[in-house]
Amino acid sequence: ENGKVWLSGGLYYCAEQIHLDNGDTLTAPKDELISFKSGDRVSIKYKEIGENENCTSYLDCEIIEINKIE
């Protein structure tokens, strides 16, 4: 999948997101996205863990592979 990284300094539980081109929003551990900035386009392979308990319209994921795309 492809999408954009979105990082927020204000939200605690859902601060690190990837907005996929298909409309889904993934949440990921901050250390997984540390080398990216908000707005970076990425290609991502991930394993869906389940619905985020704090932001229920988002999906928790385990990132398998993520790369910045131009």
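Values below: every heavy atom of this structure, side chains too, minus hydrogens, waters and symmetry copies.
You'll find the side chain of Asn22 reaches within 4.5 Å of the side chain of Glu1, heavy atoms only. Contact annotation: the side chain of Asp24 approaches that of Leu59 to within less than 4.5 Å [non-hydrogen atoms, C-beta and beyond]. When side chains are defined from C-beta on, Phe36 counts as touching Val42, because their heavy atoms get closer than 4.5 Å.
Between the OH atom in Tyr46 and the CG atom in Leu26 there is a gap of 5.0 Å [rounded to 0.5 Å]. Rounded to the nearest 0.5 Å, atoms CD (Gln17) and CG (Asn52) are 9.0 Å apart. Annotation: the span from Cys61 atom SG to Lys47 atom NZ amounts to 11.5 Å, rounded to 0.5 Å. Summarising the geometry, atom OH belonging to Tyr58 is positioned 9.0 Å from atom OG1 belonging to Thr27; distances are rounded to the nearest 0.5 Å. Taking NZ of Lys4 as the start and CG of Leu20 as the end, the distance is 13.0 Å to the nearest 0.5 Å.
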Table please: side-chain donor-acceptor pairs of residues 62-70 below 3.5 Å, with sequence neighbours left out.
from: Glu65; atom 1: OE2; to: Asn67; atom 2: ND2; distance (Å): 3.0

Run Asn2 and Arg41 through side-chain contact (heavy atoms from CB on, under 4.5 Å) and show every step you take. CA-CA 7 Å; Asn2 292 331; Arg41 294 270 310 146; 3.8 Å; yes
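Partners of Glu53 according to the side chain to side chain donor-acceptor pair (under 3.5 Å) rule, which considers only residues two or more places apart in sequence or in another chain, do not exist here. Take Ser38 and apply the side chain to side chain contact (heavy atoms under 4.5 Å, CB included) test, not counting sequence neighbours, and it matches Leu7.
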